[in-house]
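Step one of this worksheet: look at the structure below.
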Amino acid sequence: MLKQTFGSDKPIVAMIHFPPLPGTPLYDADGGMQKILDSAANDIEALQSGGVDAMMFGNEGDRPYVLKASPVTLASFGFAVGELKRLIKVPFGVNYLWDPVASVALGVASGARFVREIFTGVYDSDMGLWVPDAAGALQLRANTRRSDLKVMYNINAEFASPVGTRTLAQRAKSAVFASLADVVLVSGPMTGEAVEVSNLKEAKDAVPDTPVFANTGVNIDNVADILSIGDGAVVGTHFKVGGDTWSPVDGERVKRFMDRVSGLR
């Protein structure tokens, strides 16, 4: 499944971070959608030249984040992917922060191979009490006959703490058993911050037959440890100029990282 969906048996999924979309506080109305498209197109070129296995569109710029997609940002996201997908030569996915149903809708409409989101659990978050809807998202996938669209479940949300006392292992097991996760993701406390290797191992030990990826903070210094335990990684911040989440992708950083990964696989 991994090679077919992500282009490798130990995939590196690179983020394409959209600048703030229309309808969000930091949106650049003077630059408009064209500025967003140009930024993403440049990142796509740099990521593909660096040799990443797959890419994922995300609306990281849309701070403060919301738990339910707004019509204008969802439409803008879909429009942007429609304009940009012709540039992509590797598998791609989508992630609307932080709405799993909207993410699946985008995946269906755009022809994406995978989606990422928080699908399960209840969280005390910066955005308020967070109660995602795995059933609604997977019902949408079933209704649109996109069983090939793989769903990646982040089981320890960024910018949030889980409500309750279940262990990470228990959450991983139930996400697969009861909520049908195709891939389990383990994160650090926020974007760009490294996942605890012990957490990654706990999740992998709990669901040995399900792919488990590191979702945040993967870099050239820790990727060997990450891939010795996990089945892949999502990388965003480390690929940016100076390792800054809000900067453009640095093609040389991407190439150095992927050369390192090639030596590990």
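Keep in mind that the numbers below use all heavy atoms, side chains included, and drop hydrogens, waters and symmetry copies. Model, not experiment: these values are computed from the prediction.
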- Item | Main-chain N/O of Glu158 paired to Ser187 side chain as donor or acceptor, under 3.5 Å | no
> Are any side-chain N or O atoms of Arg253 and backbone N or O atoms of Val241, one a donor and one an acceptor, separated by less than 3.5 Å?
Replying inline: no
Check: Is the side chain of Asp62 donor-acceptor paired with the backbone N or O of Thr24 at a distance under 3.5 Å, no angle test?
Finding: no
Angle class for the Trp98/Tyr65 ring planes (parallel below 30°, perpendicular above 60°, tilted otherwise)?
perpendicular
Short side-chain to backbone donor-acceptor contact, Thr5 and Leu2, under 3.5 Å:
no
Between Pro211 and Met1 the two heavy atoms that sit nearest each other are CG-CE, 3.8 Å
Working note: Leu106 + Val115, criterion side chain to side chain contact (heavy atoms under 4.5 Å, CB included); need CA distance, chi angles, decisive distance, verdict. CA-CA 9 Å; Leu106 285 167; Val115 300; over 6 Å; no
Report yes or no: do Val234 and Val197 belong to one cluster of Ile/Leu/Val/Met/Phe/Trp/Tyr joined by side chain heavy-atom distances under 4.5 Å?
no
* Donor-acceptor pair, side chain of Asn215 and main chain of Leu185, under 3.5 angstrom -> no
- Are Phe257 and Ile16 joined in one hydrophobic group, where the rule is that I, L, V, M, F, W and Y side chains link up if heavy atoms are under 4.5 Å apart? yes
Scan the side chains in residues 47-54 for donor-acceptor partners under 3.5 Å anywhere in the protein, sequence neighbours excluded, and list what turns up.
unit_1: Gln48; atom_1: OE1; unit_2: Lys89; atom_2: N; d: 2.6
unit_1: Gln48; atom_1: NE2; unit_2: Leu87; atom_2: O; d: 3.1
unit_1: Ser49; atom_1: OG; unit_2: Glu45; atom_2: O; d: 2.9
unit_1: Asp53; atom_1: OD1; unit_2: Arg265; atom_2: NH2; d: 3.3
unit_1: Asp53; atom_1: OD2; unit_2: Ile12; atom_2: N; d: 2.8
unit_1: Asp53; atom_1: OD2; unit_2: Arg265; atom_2: NH1; d: 2.7

Determine, using the 4.5 Å side-chain heavy-atom cutoff (strictly less than), whether Met15 and Met258 are members of one ILVMFWY cluster. no
Donor-acceptor pairs under 3.5 angstrom involving side-chain atoms of residues 129-139: please list them, not counting sequence neighbours.
unit_1: Asp133; atom_1: OD1; unit_2: Gly136; atom_2: N; d: 2.8
unit_1: Gln139; atom_1: NE2; unit_2: Asn143; atom_2: OD1; d: 2.9

query = Mind checking whether Asp225 and Ile229 have side chains closer than 4.5 Å, heavy atoms only?
reply = no
*Taking Lys204 for its side chain and Thr210 for its backbone only, find out whether a donor-acceptor pair lies under 3.5 Å.*
yes
Margin query: Within the 4.5 Å heavy-atom criterion, are His17 and Asp43 side-chain neighbours or not?
Written below: no
Polar contact flag, side-chain donor to acceptor under 3.5 angstrom, Tyr96-Thr73
yes
| message | Membership question, hydrophobic clusters at under 4.5 Å side-chain separation (ILVMFWY): are Val13 and Phe119 in the same one? | response | no
Quiz item: Can you list the steps and then say if Phe114 with Asp182 is a side chain to side chain contact (heavy atoms under 4.5 Å, CB included)?
Solution: CA-CA 9 Å; Phe114 55 92; Asp182 294 313; over 6 Å; no
Given the options Tyr27, Trp246, Phe77, Phe18 meets ring pair (Phe, Tyr, Trp, His ring centres under 6.0 Å) only with Phe77
Problem set entry | Any donor-acceptor N/O pair, Asn222 side chain to Gly217 backbone, under 3.5 Å | yes
When you measure from the side chain of Arg171 to the backbone of Ile155, do you find a donor-acceptor pair of N or O atoms at a distance under 3.5 Å?
yes
Practice task
Please tell me if the side chains of Phe57 and Ile88 come closer than 4.5 Å, counting only heavy atoms from C-beta onward.
Solution key: yes
Could you tell me whether a side-chain N or O of Ser8 sits under 3.5 Å from a main-chain N or O of Lys10, the two making a donor and an acceptor? yes
Do Ile226 and Val212 land in one hydrophobic cluster if side-chain heavy atoms of ILVMFWY residues count as linked below 4.5 Å? yes
Chi angles and distances behind the salt bridge (Lys or Arg N to Asp or Glu O under 4.0 Å) call for Glu60, Arg116: CA-CA 13 Å; Glu60 261 77 5; Arg116 175 188 71 172; 3.5 Å; yes
Paired with Asp148, the side-chain hydrogen bond (donor to acceptor under 3.5 Å, both in side chains) test is passed by just one of Lys150, Arg146, Arg145, namely Arg146
When every non-hydrogen atom of Asp99 is compared with those of Lys68, the smallest separation belongs to OD2-CA, 3.4 Å
- Do Thr216 side-chain atoms and Glu193 backbone N/O form a donor-acceptor pair below 3.5 Å? yes
